[in-house]
Each structure stands twice: as C-alpha cells, then as structure tokens.
Amino acid sequence: MIYTSTRDKNVRVSATEAIVKGISEDGGLFVPMTIPTLNLVDIEKLMRLDYIGRAKEILKLYLTDFTDDELSMCVEGAYKAEKFSSPEIAPLYKLNDTASVLELWRGPTCAFKDMALQLLPYLLTVSASKQLKDKKVVILVATSGDTGKAALEGFKNVPNTEILVFYPVDGVSPMQKLQMTTQEGDNVHVCAIEGNFDDAQSGVKAIFGDREIAAKCLEKNYVFSSANSINWGRLVPQIVYYVSAYCDMVNSKTVRLGEPMNVVVPTGNFGNILAAYYAKQMGVPIGKLICASNENNVLTEFLTTGHYNKNRPFHCTTSPSMDILISSNLERLLFALTNQNAEKTADWMKALSENGEYTVDDKTLAAVTELFAADYCDDTETKRTIKKIYDSYSYLCDTHTAVAMHAFAAYCAKTGDATPTVIASTANPYKFSHSVLDALKPNAQTEDEFETVDKLHDVSKMEIPAQLATLKGKTPRFTRVSKKEDMAQVVFDTLGIN
C-alpha cells in the first residue's frame with residue numbers, strides 16, 4: 001500500500017516511512033491512496049477471532065511492508081492480557097436494546113489512547129529499523145490530557161527513542177496532570193505550556209515544519225516523529241476497534257450480519273471518529289457517524305454548515321480532552337471527500353492558518369452531512385447526563401462519554417432513528433473524579449484528588465483502577481512550565497543541543 005499527502009498528491013511513501021516521518025514535509029497528513037475493503041464473508045471470519053487476531057488481519061491490509069511475523073510481534077506485545085483489565089481488550093457493555101458502550105479505557109492509563117499508543121511504539125521501532133540507520137527518534141507530543149500519559153507509558157524505555165510531551169498548564173484534570181508529571185522512564189520528558197491545547201499542537205507542528213530545527217537535531221542523529229493522531233501509525237489501530245465492535249455486535253445478536261450499526265464518538269481532534277469513517281469505507285456496515293462535542297463546538301458547526309471557524313472563545317470544560325478548536329484530522333476527511341483533491345485541501349488549510357476559518361463547497365458539505373450527524377452540550381448538561389445514565393442503568397461514565405450520551409439522545413429525539421448504536425467511551429470516570437462526583441453528589445468533592453476518588457467510590461461502588469490509586473503520594477518529576485513561543489528551546493534543552 002502506498003501513502004500520499006493530503007496537500008500534495010505527488011508524494012509517495014510506504015507505511016513504514018509514513019510512520020517514521022509522522023507528518024509530510026509539505027505540512028500535510030499521510031493517508032492511504034486506496035482504502036482496503038472487507039466483505040461480509042471477511043467480517044464473518046473476523047467474528048471468530050479474538051481482538052488480537054482481528055487486529056492482525058486488519059492491520060496487514062494497511063501496513064503492507066510489515067511481515068506477518070513483525071505484525072504479530074507488534075500486536076501481541078501491545079495487547080498483552082496483563083496490560084488490560086478486560087480479556088476482550090475493548091469490550092461492549094449493553095445499556096439497553098439500542099445503545100451499547102464500547103469501553104476503550106481498559107488499558108494501562110485508563111484512556112482510549114492506549115488502544116493505539118500501546119501499539120505505536122512497536123510499529124515505530126519496526127519502521128525505524130527499515131527506514132533509519134543509527135538515528136534516535138524523538139517523539140514530540142501535544143496533549144489535551146490523555147494522549148500524553150498514554151504516549152509516555154507506551155514509549156517509556158523503548159530503545160533509541162526520546163519522548164517529550166507538552167500539555168496546557170491549566171487545561172488537564174488533576175489526575176491527568178499527576179499521571180504525566182510522575183511518569184517513570186529514562187527517556188521520558190514532560191513540559192507544561194502557558195496556553196491551551198491548540199497552542200501546544202500548533203507549536204509541535206511548527207517544530208516539525210522548521211527545517212533549521214530539524215537540521216540542528218540531525219547533526220546529533222535525532223529525527224522527529226509524532227505520537228499524536230496526525231501520525232498514521234497512531235490512527236490505523238483505532239480502525240481496528242470499530243471493526244471489532246461490529247463483530248461483537250453481531251456475535252451478541254444485537255445486529256444481524258449485514259445490518260448497520262450507528263457510531264457515536266466524543267471527539268476534539270477528529271481522529272477517533274475518523275477511524276470509524278475509515279471502517280465504514282472498508283465495508284463495515286456502519287450507518288450514521290454521530291460526532292459529539294463539548295462547548296468548544298467548532299466541529300458541530302462545521303459538520304452541519306460546512307463553515308469551520310476557530311475564531312471563537314476557548315472554553316476550559318469538564319471534558320478537557322475535547323477542549324480543541326483546531327481539529328487536525330478533519331484534513332484527512334476533506335481530502336477523502338473531495339476525491340483526494342490535495343490542492344483544494346491545502347487551500348482550506350492555508351485559509352485556516354491565515355484567517356482562522358474556511359468554508360467548503362456545497363458538494364463537499366453534502367457529502368459531510370450524508371455521513372455525519374453532530375451535536376454538543378455544555379458542562380451543565382454533561383453533569384446532568386452522568387447522573388441520568390447512572391440513575392437509569394447503574395452505569396458510571398466519565399465526562400467525555402457523557403457528552404457522547406447526550407449527543408446520542410439528541411440525535412434519537414430529532415430523527416427517531418432506532419438503529420443499534422455503539423457509543424465510544426473514552427476514559428475511566430476516576431480520571432475526572434471531581435466532575436463525576438459533582439454530578440452524582442453536588443459539593444461533595446474536596447481539594448484533595450484522592451479523597452475525591454474515595455468519595456466517588458463510596459457513592460458509585462465502581463472499582464478504582466490500581467494504576468490511578470497508586471499515584472497517591474507520588475512526587476512529580478517534571479515541573480517545567482514554558483511559554484508557547486519557547487517550545488523549540490525546550491526541545492533543545494531536553495536533547496542537550498546548544
């Protein structure tokens with residue numbers, strides 16, 4: 001399989017090259033030139049496999065320059081049973097006849113990012129062995145909370161890598177911050193920035209695109225790559241769990257083979273729902289893709305009007321992993337829906353960079369609205385939804401999943417669509433214990449994070465994940481706070497480059 005750039009159709013790279021580079025030199029994102037297909041016979045075969053078996057079969061369609069042995073090593077290493085709290089890896093929890101929750105937070109950092117970031121270090125190590133000689137890979141990450149910890153955990157002590165994570169100093173939950181700043185590992189580094197996630201993401205992209213910085217690092221045998229979902233090696237594992245979810249929906253007799261399921265995804269950077277779109281394009285019977293946003297509802301507006309406008313107030317919400325105004329992976333969708341028109345895609349991205357907004361043409365908007373529905377809610381409605389779901393089903397969800405639950409309810413009320421639906425649940429509720437406890441028992445939280453965790457346990461009786469409980473009393477290793485314009489200097493300082 002050959003990959004190209006969303007901004008230059010003349011680019012031709014292999015999967016391993018796309019994974020190592022992370023982003024194209026023209027600033028575009030790598031995408032497969034063709035989408036592999038699955039028919040119902042293929043899906044029926046996948047239904048008989050476990051998650052690891054399904055992952056191998058799907059990934060080999062995209063990562064064609066990996067041998068079967070290499071892929072097996074990567075997948076089996078990533079999804080070891082001891083790393084996940086469920087033998088199904090990404091289990092479905094059936095709420096009612098219509099809605100099933102896809103629990104993507106069963107991994108070592110209690111967030112859906114583990115599904116990709118446990119695998120990416122293996123993919124990158126194999127790719128680097130094919131593409132790089134005597135070079136050390138520097139993973140640069142911008143995070144709105146969950147990606148940072150998942151990437152740090154995935155890459156800790158991986159040979160010939162260094163990983164540096166930037167996060168907005170006031171834009172993550174206390175538990176997310178503690179997870180990152182106490183991270184163990186000889187090759188891990190964390191720095192807060194004064195700004196929001198978009199500032200961190202723009203700063204990382206600017207470093208990737210600066211040839212002088214790249215040349216200076218190359219003198220010391222360092223090359224950059226990314227663990228954000230701009231990296232195809234991070235996005236392709238996410239396709240697997242939507243294919244797998246459909247298999248499980250059929251196996252549980254929630255749908256019949258060939259009948260559709262809808263998918264609801266809470267998303268900020270658009271990567272998670274884009275993976276569901278790719279699964280649909282492969283032939284998985286997915287009906288409507290329902291995009292759920294918080295008060296930073298830039299995606300809701302775009303998916304309903306075709307106008308993308310980041311020139312709006314930035315809200316710090318109780319679902320901070322979605323506090324994003326520049327949704328990078330939307331670029332991949334635009335490229336696909338314009339029949340891979342790189343020039344048009346590049347023009348829209350240029351307008352976004354220079355003016356903060358763009359509007360797609362009517363044909364593209366029609367394609368968007370055919371595929372997607374979208375809704376959003378504020379923190380008050382998020383809180384109300386957490387309590388409603390708990391009272392109705394004794395099911396405790398985090399703030400991001402609650403946003404998805406709200407969007408699903410709004411979609412059903414608006415359309416009457418009763419198609420069986422998978423709702424992506426992206427984090428364990430204890431990662432956002434203050435907000436979740438406030439939803440169940442207002443004003444019960446304390447300033448101490450772990451007292452709040454204990455109180456949430458007392459109310460909900462849900463088990464506290466050991467990997468969060470053991471953070472209590474840990475002293476942060478990383479305390480640096482940088483201005484957003486100084487991020488390149490942080491990279492140099494981290495790597496010991498003068």
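Just so it is clear, the model here is predicted, and its values are computed rather than measured.
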Is the [atom1] atom of [X] crowded by more than 12 outside heavy atoms at less than 6.0 Å?
| X | atom1 | value |
| --- | --- | --- |
| Tyr376 | OH | no |
| Asp170 | CG | no |
| Lys474 | NZ | yes |
| Asn311 | CG | yes |
| Lys83 | NZ | yes |
| Lys94 | NZ | yes |
| Lys177 | NZ | no |
| Asp391 | CG | yes |

Residues Asp379, His315; criterion side-chain contact (heavy atoms from CB on, under 4.5 Å); working and verdict = CA-CA 10 Å; Asp379 283 351; His315 300 284; over 6 Å; no

CA sep, side-chain torsions, deciding dist, call: Thr6, Glu331, side chain to side chain donor-acceptor pair (under 3.5 Å) = CA-CA 7 Å; Thr6 53; Glu331 180 171 345; 2.6 Å; yes

Could you walk me through whether Asn329 and Asn269 pass side chain to side chain donor-acceptor pair (under 3.5 Å), step by step?
-> CA-CA 6 Å; Asn329 272 291; Asn269 219 13; 5.4 Å; no

Pick from Tyr241, Tyr242, Trp232: which one makes a ring pair (Phe, Tyr, Trp, His ring centres under 6.0 Å) with Tyr278?
->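 Of the listed residues Tyr241, Tyr242, Trp232, the ring pair (Phe, Tyr, Trp, His ring centres under 6.0 Å) partner of Tyr278 is Trp232.
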
Hey, is the main chain of [Y] close enough, under 3.5 Å, to the side chain of [X] for a donor-acceptor pair?
| X | Y | value |
| --- | --- | --- |
| Ser327 | Gly268 | yes |
| Ser392 | Ile389 | no |
| Arg332 | Phe30 | yes |
| Thr147 | Thr143 | no |
| Glu449 | Ser433 | no |
| Thr125 | Pro121 | yes |
| Asn272 | Thr267 | no |
| Asn309 | Glu357 | no |
| Asn196 | Asp323 | no |
| Gln201 | Ala142 | no |

Does the side chain to side chain donor-acceptor pair (under 3.5 Å) test come out yes or no for Lys149 and Gln183, once each step is laid out?
-> CA-CA 8 Å; Lys149 172 60 181 178; Gln183 176 67 47; 2.6 Å; yes

Are the side chains of [Y] and [X] in contact, using a 4.5 Å heavy-atom criterion?
| X | Y | value |
| --- | --- | --- |
| Phe302 | Val360 | yes |
| Thr380 | Arg384 | yes |
| Val255 | Tyr246 | yes |
| Lys431 | Gln179 | yes |
| Leu119 | Leu59 | yes |
| Lys280 | Val263 | no |
| Asn262 | Ile286 | no |
| Ile273 | Leu299 | no |

Spacing of [atom1] belonging to [X] relative to [atom2] belonging to [Y], to within rounding of 0.5 Å:
| X | Y | atom1 | atom2 | value |
| --- | --- | --- | --- | --- |
| His307 | Thr359 | NE2 | OG1 | 4.5 Å |
| Met249 | Ser100 | CE | OG | 4.5 Å |
| Met175 | Leu471 | CE | CG | 6.0 Å |
| Glu463 | Asn428 | CD | CG | 9.5 Å |
| Leu164 | Leu152 | CG | CG | 9.0 Å |

Given salt bridge (charged side-chain N to carboxylate O under 4.0 Å, His left out), test Arg54 with Asp248 step by step and report yes or no.
-> CA-CA 11 Å; Arg54 293 168 185 172; Asp248 289 341; 2.9 Å; yes

Between His400 and Phe432, does the ring centre distance come in under 6.0 Å?
->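 Here the rings of Phe432 and His400 have centres that are less than 6.0 Å from each other.
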
May I ask you to check whether Tyr93 and Trp105 place their ring centres under 6.0 Å from each other?
->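 No, ring centres 6.0 Å or more apart.
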
Begin from the C-alpha positions of Lys56 and Glu76 and carry the test salt bridge (charged side-chain N to carboxylate O under 4.0 Å, His left out) through to its verdict.
-> CA-CA 9 Å; Lys56 290 178 185 179; Glu76 290 170 11; 2.5 Å; yes

Asn231 and Ile19: side-chain contact (heavy atoms from CB on, under 4.5 Å), yes or no, with the steps?
-> CA-CA 6 Å; Asn231 190 318; Ile19 290 169; 4.2 Å; yes

State plainly whether the residues Glu57 and Lys45 are in salt-bridge range, i.e. N to O under 4.0 Å.
->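 Here Glu57 does not pair with Lys45 in a salt bridge, since their nearest N and O are not under 4.0 Å apart.
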
Do Lys414 and Asp375 meet the salt-bridge criterion of a basic N to acidic O distance under 4.0 Å?
->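 Here Asp375 pairs with Lys414 in a salt bridge, since their nearest N and O are under 4.0 Å apart.
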
Can you list the steps and then say if Met322 with Thr426 is a side-chain contact (heavy atoms from CB on, under 4.5 Å)?
-> CA-CA 11 Å; Met322 299 158 66; Thr426 55; over 6 Å; no

Side chain to side chain donor-acceptor pair (under 3.5 Å) between Asp417 and Thr419: does it pass, once the steps are laid out?
-> CA-CA 6 Å; Asp417 188 351; Thr419 302; 2.6 Å; yes

Parallel, tilted or perpendicular: which fits the ring planes of Phe478 and His189, with parallel below 30° and perpendicular above 60°?
->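 The arrangement is perpendicular - the two ring planes meet at more than 60°.
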
Phe270 vs Phe372 aromatic rings, parallel, tilted or perpendicular, using cut-offs 30° and 60°?
->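 Judged by the thresholds at 30° and 60°, the geometry between Phe270 and Phe372 is tilted.
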
Taking it one step at a time, do Thr385 and Thr382 satisfy side-chain contact (heavy atoms from CB on, under 4.5 Å)?
-> CA-CA 5 Å; Thr385 302; Thr382 300; 5.8 Å; no

